[in-house]
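What follows is one structure encoded as structure tokens, with my remarks underneath.
Per chain, numbering begins at 1; letters A, B, ... match sequence-line order.
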There are 2 protein chains.
Amino acid sequence: MLLSKSCVYGLRATLLLASYQNGGYTSIKDLSNKLDISFHFLTKILQQLTAAELLESMKGPKGGVRLSGESSDITLREVVIAIDGPDIFTECVLGLPGCGSEKPCPMHAMWAETRDDIEQMLQTTSLEDMSKEGMEQDLRITADGHFVWGEP
Amino acid sequence: MLLSKSCVYGLRATLLLASYQNGGYTSIKDLSNKLDISFHFLTKILQQLTAAELLESMKGPKGGVRLSGESSDITLREVVIAIDGPDIFTECVLGLPGCGSEKPCPMHAMWAETRDDIEQMLQTTSLEDMSKEGMEQDLRITADGHFVWGEP
DNA sequence: ACTATTTAAGAGTAATATGTCTTAAATATA
DNA sequence: TATATTTAAGACATATTACTCTTAAATAGT
Ligand code: FES
Ligand code: FES
């Protein structure tokens, strides 16, 4: 898998949050229910996003998490890097150290281009872009889709 | 990581084998030494490639493995599928079941295209292509490169 | 026939990723 | 202040991947 499960869960949660464009806090319990993700596991993942300042959190009743800024200002790339780290955009497809150095691997030419394409795609796509598409075209971010876009 | 370590090891080994265009058997011990891969682990991986009929093996002294056909006839895609399975070319980037069905995920449009590009690249690149490039441009398939292309 | 060499097969171990549970700290509300 | 609710943090458990070790089977050479 290109992205870890943690990363996928992080994307699902931030996409759903992005569709709640009310600026209020949403409890992780609520997110985990809607997205069918283990509450404690999702909590850990969102903590990483909070540490990366992509989310803001508040404890206590009425607490929860919310996007730290406009959903149009947060890119998929930022979410991916916050969880899986930046290396996936620089690593050799054959796992060799120092990809792109003076002595690359035979697959470097083809891979580096594709890898940059992926990074570019994620870089130029905001949470708003994806959540809007999800809403407008009634797309899925869970297996069975028993959540509703834009309804906190 | 896009490819598992097993898959990467399989690619390294088949690329090196492809540069030995003599049709003889090369012992796995020799490959594991040259490629800095655990002998027993590499053996298991190459067994998968033998089962998939990409390699032929022979036991006993003078035994070993060799490509089952011309290196120009074996694609990187075949090696990848034999080890990591075909799913990486059909899976949803968000891990949802049934990618591409009537209700895809918001990232489907961007991902499906990139995923197909990757498959196409691997499909249209043969072991010969890569090993030739490796030889001609003195490229790496190990961390320190203390192997020599084309020298069994 | 015997021995050395090599792949085949499977059990066992270690490392990492994924998921669960418990306790602590913060905060809103009564 | 007291209580309920919620995130934070870390220990713990399970699953998957990566790797190791042992034994069996086949084959070439003596
Ligand atoms: S060196 Fe292998 S992909 Fe860059
Ligand atoms: S449904 Fe998600 S990538 Fe196809």
Side-chain angles (χ1 to χ4, degrees), chain A residues 1-14 17 24-68 80 83-85 87-88 91 94-95 152, chain B residues 1-14 17 24-68 80 83-85 87-88 91 94-95 152:
Chain A
M1 218 174 353
L2 178 76
L3 305 174
S4 71
K5 276 200 151 186
S6 293
C7 188
V8 164
Y9 291 166
L11 283 168
R12 290 189 202 172
T14 49
L17 277 175
Y25 288 101
T26 305
S27 79
I28 300 176
K29 189 76 201 166
D30 187 58
L31 289 172
S32 73
N33 283 334
K34 292 212 170 77
L35 295 172
D36 285 314
I37 303 171
S38 143
F39 165 70
H40 290 290
F41 194 36
L42 183 58
T43 297
K44 290 211 164 304
I45 294 162
L46 298 189
Q47 275 172 23
Q48 294 181 258
L49 295 179
T50 303
E53 299 190 320
L54 296 178
L55 296 183
E56 289 170 354
S57 70
M58 192 174 66
K59 294 177 180 176
K62 306 280 180 185
V65 295
R66 68 180 179 198
L67 298 181
S68 65
V80 168
I83 297 176
D84 278 351
D87 289 356
I88 68 168
E91 272 171 349
L94 290 183
Chain B
M1 213 172 359
L2 178 75
L3 305 174
S4 70
K5 276 201 150 186
S6 293
C7 187
V8 164
Y9 291 166
L11 284 168
R12 290 190 201 171
T14 49
L17 277 175
Y25 288 102
T26 305
S27 79
I28 300 176
K29 189 78 203 165
D30 186 58
L31 289 171
S32 74
N33 282 335
K34 292 213 170 75
L35 295 172
D36 285 314
I37 303 172
S38 144
F39 164 70
H40 290 290
F41 193 35
L42 183 58
T43 297
K44 290 215 161 302
I45 295 162
L46 298 190
Q47 275 171 24
Q48 294 181 258
L49 296 180
T50 303
E53 299 191 319
L54 297 177
L55 296 184
E56 289 170 354
S57 70
M58 193 174 64
K59 293 177 180 176
K62 305 280 181 185
V65 295
R66 69 180 177 196
L67 298 182
S68 65
V80 168
I83 298 174
D84 278 351
D87 289 357
I88 68 169
E91 272 171 349
L94 290 184

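At D:dT6, none of the side-chain N or O atoms of A:Lys29 fall inside 4.0 Å of OP1 or OP2 (strictly under the cut-off). Between B:Lys5 and D:dT17, a side-chain N or O to OP1/OP2 separation shorter than 4.0 Å is absent. Close to C:dT18, at under 4.0 Å from its OP1 or OP2, lies no side-chain N or O of A:Tyr9. Applying the 4.0 Å criterion to OP1 and OP2 of C:dT5, one finds that B:Ser27 has every side-chain N and O outside that range.
Going from atom CD of B:Glu56 over to atom C1' of C:dT6 covers 16 Å, rounded to whole Å. If you take CZ of B:Arg66 and P of C:dT6, they are 17 Å apart, rounded to a whole angstrom. Rounded to an integer number of Å, the gap from A:Asp30 CG to D:dT5 P is 15 Å. For the pair A:Tyr25 OH and D:dA8 P, the interatomic distance rounds to 10 Å; values are reported in whole Å. In this structure, the CD1 atom of B:Ile88 is 13 Å from the P atom of D:dT17, given to the nearest Å. Protein atom CD1 of B:Ile45 is 15 Å distant from nucleotide atom C1' of C:dA9, rounded to whole Å. Across the protein-nucleic acid pair, A:Gln47 atom CD and C:dA24 atom C1' stand 12 Å apart, rounded to whole Å. The distance from atom NZ of B:Lys44 to atom P of D:dT17 is 16 Å, rounded to the nearest whole Å.
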Applying side-chain contact (heavy atoms from CB on, under 4.5 Å) to B:Leu3 and B:Ile88, what does each step give before you reach the verdict? CA-CA 9 Å; B:Leu3 305 174; B:Ile88 68 169; 4.2 Å; yes

Give the C-alpha distance, both sets of side-chain angles, the deciding distance and a yes or no for side-chain contact (heavy atoms from CB on, under 4.5 Å) between A:Leu49 and A:Val65. CA-CA 10 Å; A:Leu49 295 179; A:Val65 295; over 6 Å; no

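Closest approach to the B:Met58 side chain among C:dA11, D:dT27, D:dT5 is made by D:dT27 (side chain taken as heavy atoms from C-beta onward). Side chain of B:Ser6, nearest nucleotide from D:dA18, C:dT5, C:dA28: D:dA18. Distance from the side chain of A:His40 is smallest for D:dA9 among the nucleotides C:dT18, D:dA9, D:dC19. Closest to the side chain of B:Ser38, out of D:dT20, D:dT7, C:dT29, is D:dT20. The side chain of A:Ser4 approaches C:dT18 more closely than any other nucleotide in the set D:dA28, D:dT5, C:dT18.
Note on A:Phe39: a base of the nucleic acid sits closer than 4.0 angstrom, heavy atoms only. Residue contacts for A:Leu46: at a heavy-atom cut-off of 4.0 Å it reaches no nucleic acid atom on any strand shown.
Looking at which nucleotide of DNA chain C each of A:Met1 and A:Lys59 is closest to, the 5′-most match is held by A:Met1.
Checking side-chain atoms of B:Ser68 against main-chain N and O of B:Glu53 turns up a donor-acceptor pair under 3.5 Å.
With contacts defined as side-chain heavy-atom distances shorter than 4.5 Å, the pair B:Leu2/B:Asp84 does not qualify.
Across all non-hydrogen atoms, the minimal contact from A:Ala13 to A:Leu42 is CB-CD1, 4.2 Å.
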